[in-house]
Amino acid sequence: MLIIIGETNAAGLFGKIFPETEFIHTWNSIEINAPNAVVIAKNGAPEITNALGVIVGENAEHSVKRGVQLIVCGNSPKNTVCITSRTADKITLALNRALKTKSGVCEPLELPLLLLEGFSEFDYMAAFAASVLFQSEIKD
């Protein structure tokens, strides 16, 4: 289950670039306690006590309990997910460290993708991170 909190269009990339997934869109603060949830919260998140991962922007304030993976998306290679290159029609995303997924561990990797209009860099990084956590095959 993918839960998106806050202002991001990442959900629009699922079914176009990234595989479709069940998701819930919410704009309000909610408490999430679901072991297989992946949460995208660009500008911070409500209290997350039990989830597979929480995806945030690099400057976001966040609150997660010990044991919940925090995936930070930003322009620095120190972040969990970053962009390594971008052209007019392609974007290359990098997972900079191993993540625990629903079915094991995903080691660092880079992935070039088609760049669609109407989506921010954060949208791409967040959808990429969620797909990695769900261990989904990504369309190229």
Side-chain angles (χ1 to χ4, degrees):
M1 166 178 35
L2 174 64
I3 300 168
I4 299 177
I5 300 169
E7 295 184 33
T8 175
N9 292 325
L13 289 168
F14 291 95
K16 292 179 183 170
I17 298 292
F18 301 96
E20 289 188 42
T21 188
E22 173 188 338
F23 67 90
I24 300 167
H25 219 99
T26 180
W27 300 103
N28 300 320
S29 239
I30 58 172
E31 183 168 316
I32 298 161
N33 185 5
N36 289 319
V38 173
V39 180
I40 297 176
K42 181 179 182 180
N43 297 318
E47 182 71 18
I48 309 297
T49 57
N50 189 8
L52 184 58
V54 176
I55 302 164
V56 297
E58 65 186 332
N59 296 319
E61 292 184 25
H62 50 274
S63 176
V64 297
K65 293 284 186 179
R66 186 177 178 97
V68 175
Q69 294 182 106
L70 185 65
I71 297 103
V72 180
C73 300
N75 292 321
S76 167
K78 291 182 178 183
N79 292 320
T80 314
V81 174
C82 73
I83 296 169
T84 56
S85 71
R86 181 175 176 169
T87 65
D89 62 345
K90 290 268 188 181
I91 189 167
T92 301
L93 304 169
L95 175 65
N96 294 318
R97 58 185 143 279
L99 289 180
K100 184 178 138 191
T101 69
K102 281 181 74 170
S103 59
V105 173
C106 182
E107 295 295 331
L109 62 96
E110 272 193 324
L111 183 68
L113 297 167
L114 182 63
L115 188 58
L116 302 177
E117 285 187 40
F119 298 98
S120 70
E121 290 179 346
F122 177 79
D123 295 337
Y124 268 89
M125 290 184 282
F128 171 65
S131 293
V132 167
L133 290 170
F134 289 127
Q135 284 284 295
S136 304
E137 261 191 57
I138 300 168
K139 300 175 186 178
D140 190 3

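Because the structure is predicted, anything quoted here is derived from the model rather than measured.
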All heavy atoms of N96 vs all of P77, minimum pair found to be ND2-O, 3.2 Å
State the CD1-CD1 distance between I40 and I55, to the nearest 0.5 angstrom.
4.5 Å
Residues in side-chain contact (heavy atoms from CB on, under 4.5 Å) with K78, at least two apart?
S76
Where is the tightest heavy-atom contact between F14 and S131, given as atom of each residue plus distance?
CE2-OG, 3.8 Å
Determine which pairs satisfy salt bridge (Lys or Arg N to Asp or Glu O under 4.0 Å) with at least one residue from residues 120-129, sequence neighbours left out, and list them in order.
R86-E121
Enter the distance from N9:CG to L13:CG here, rounded to the nearest 0.5 Å.
8.0 Å
Beyond-backbone contact of P35 with N50, side-chain heavy atoms, under 4.5 angstrom
yes
Close side-chain approach of L93 to I83, heavy-atom, < 4.5 Å:
yes
Taken to the nearest 0.5 Å, the spacing of L133 CG from Q69 CD works out to 6.0 Å
Can you sort out the partners of T92 under side-chain contact (heavy atoms from CB on, under 4.5 Å), two or more places apart, ordered by chain and number?
T84, S85, E110, P112
Working to the nearest 0.5 Å, report the span between CD1 of I91 and CG of L114.
10.5 Å
Measure the CG-CD distance between L95 and E107 for me, rounded to the nearest 0.5 Å.
9.0 Å
Heavy-atom closest contact (V56 atom, L70 atom, distance)
CG2-CD1, 4.0 Å
Measure the spacing between OG1 of T101 and CZ of F134 and express it to the nearest 0.5 Å.
11.0 Å
Considering all heavy atoms of both residues, which atom of A51 and which atom of I48 are nearest to each other, and what is their separation?
CB-CG2, 3.7 Å
Ring geometry between F18 and F128 (parallel below 30°, tilted from 30 to 60°, perpendicular above 60°):
tilted
Between Y124 and I17, the two heavy atoms sitting closest are OH-CG1, 4.2 Å
